[in-house]
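Structure first, commentary second.
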Amino acid sequence: MSKIYVGNLPFSADETAVRDLFAQHGTVDSVALIMDRDTGRPRGFGFVEMPRADAARAIQSLNGHDMGGRPLKVNEAQDKPRGGGGGGGGGQRRW
DNA sequence: TCTGAGCGC
């Protein structure tokens, strides 16, 4: 499973739309649109979890895909740092 | 209601 960073998303886009869009290029395990925690407004980007194989295809296929009139920016997402011992500094730990 | 960088609690 790989994480995909989706940026330049239209404010009108929903998790369902993103999921369906990525589902066309592979199996979507999970979709999460990030919203501003301060104001509650959508930041315009999100994350999609897909199998590594499908993720690679989706990234290349959906990268630049026009959604809501805006070219989506799809790229491998960084691993969210977790507290507790070492860690930090990002870096995807070998699975 | 509106807005537009860019990696989530």
Side-chain angles (χ1 to χ4, degrees):
Chain A
M1 196 69 69
S2 297
K3 285 185 238 183
I4 305 172
Y5 164 81
V6 185
N8 203 37
L9 283 168
F11 298 102
S12 301
D14 294 342
E15 294 179 359
T16 303
V18 178
R19 184 185 180 95
D20 183 68
L21 185 66
F22 278 77
Q24 297 177 24
H25 297 274
T27 301
V28 179
D29 182 72
S30 175
V31 179
L33 295 185
I34 309 306
M35 293 195 186
D36 193 286
R37 182 171 58 85
D38 301 326
T39 63
R41 290 194 230 145
R43 277 182 175 253
F45 73 95
F47 291 92
V48 180
E49 294 181 68
M50 296 178 70
R52 189 171 125 1
D54 293 345
R57 301 303 307 171
I59 291 172
Q60 297 180 7
S61 299
L62 297 177
N63 186 23
H65 179 84
D66 185 80
M67 184 177 184
R70 292 183 181 273
L72 264 54
K73 288 188 180 180
V74 186
N75 208 353
E76 186 177 358
Q78 298 175 182
D79 188 2
K80 182 172 29 172
R82 292 294 290 284
Q92 186 171 350
R93 232 171 263 257
R94 75 169 191 266
W95 59 284

Taking the side chain as C-beta and beyond, is there a heavy-atom pair between Leu62(A) and Met67(A) under 4.5 Å? no
Does a distance-only test, which skips hydrogens and angles, find a donor-acceptor pair under 3.5 Å between the side chain of Arg43(A) and the base of dG8(B)? no
Under 4.0 angstrom, heavy atoms only, what part of the nucleic acid is Gly7(A) near: base, sugar-phosphate, or nothing? nothing
Under 4.0 angstrom, heavy atoms only, what part of the nucleic acid is Leu9(A) near: base, sugar-phosphate, or nothing? base
With Ile4(A) as reference, evaluate Val74(A), Val31(A), Asp54(A) under the side-chain contact (heavy atoms from CB on, under 4.5 Å) test and give the passing residue. Val74(A)
Could you state the [atom1]-[atom2] distance from [X] to [N], rounded to the nearest angstrom?
{"X": "Asp79(A)", "N": "dC9(B)", "atom1": "CG", "atom2": "P", "value": "15 Å"}
{"X": "Asn63(A)", "N": "dG6(B)", "atom1": "CG", "atom2": "P", "value": "16 Å"}
{"X": "Asp29(A)", "N": "dG8(B)", "atom1": "CG", "atom2": "C1'", "value": "16 Å"}
{"X": "Met35(A)", "N": "dC2(B)", "atom1": "CE", "atom2": "P", "value": "16 Å"}
{"X": "Glu76(A)", "N": "dG8(B)", "atom1": "CD", "atom2": "C1'", "value": "16 Å"}
{"X": "Gln78(A)", "N": "dC7(B)", "atom1": "CD", "atom2": "C1'", "value": "5 Å"}

What nucleotide among [options] has an atom nearest to a side-chain atom of [X]?
{"X": "Arg41(A)", "options": "dT3(B), dC7(B), dG8(B)", "result": "dT3(B)"}
{"X": "Arg37(A)", "options": "dG4(B), dC9(B), dG6(B)", "result": "dC9(B)"}
{"X": "Pro10(A)", "options": "dG8(B), dC7(B), dG4(B)", "result": "dG4(B)"}
{"X": "Arg70(A)", "options": "dC7(B), dG4(B), dG6(B)", "result": "dG4(B)"}
{"X": "Lys3(A)", "options": "dG8(B), dC7(B), dG4(B)", "result": "dG8(B)"}

Ring-on-base stacking between Phe11(A) and dT3(B), under 5.5 Å between centres and under 30° between planes: is it there? yes
Going by 5.5 Å between centroids and 30° between planes, is there a stack of Phe47(A) over dG8(B)? yes
Kindly state each residue pair satisfying ring pair (Phe, Tyr, Trp, His ring centres under 6.0 Å) with at least one member in residues 4-25 of chain A, sequence neighbours excluded. Tyr5(A)-Phe45(A), Tyr5(A)-Phe47(A)
State the CD-CZ distance between Glu49(A) and Arg19(A), to the nearest 0.5 angstrom. 10.0 Å
Could you tell me whether dG6(B) is syn or anti, where syn means a glycosidic angle within 90 degrees of zero? syn
Do you know the tightest heavy-atom contact between Gly68(A) and Pro10(A)? CA-CG, 4.0 Å
Between Asn8(A) and Ala32(A), which has a closest nucleotide on DNA chain B that is more 5'? Asn8(A)
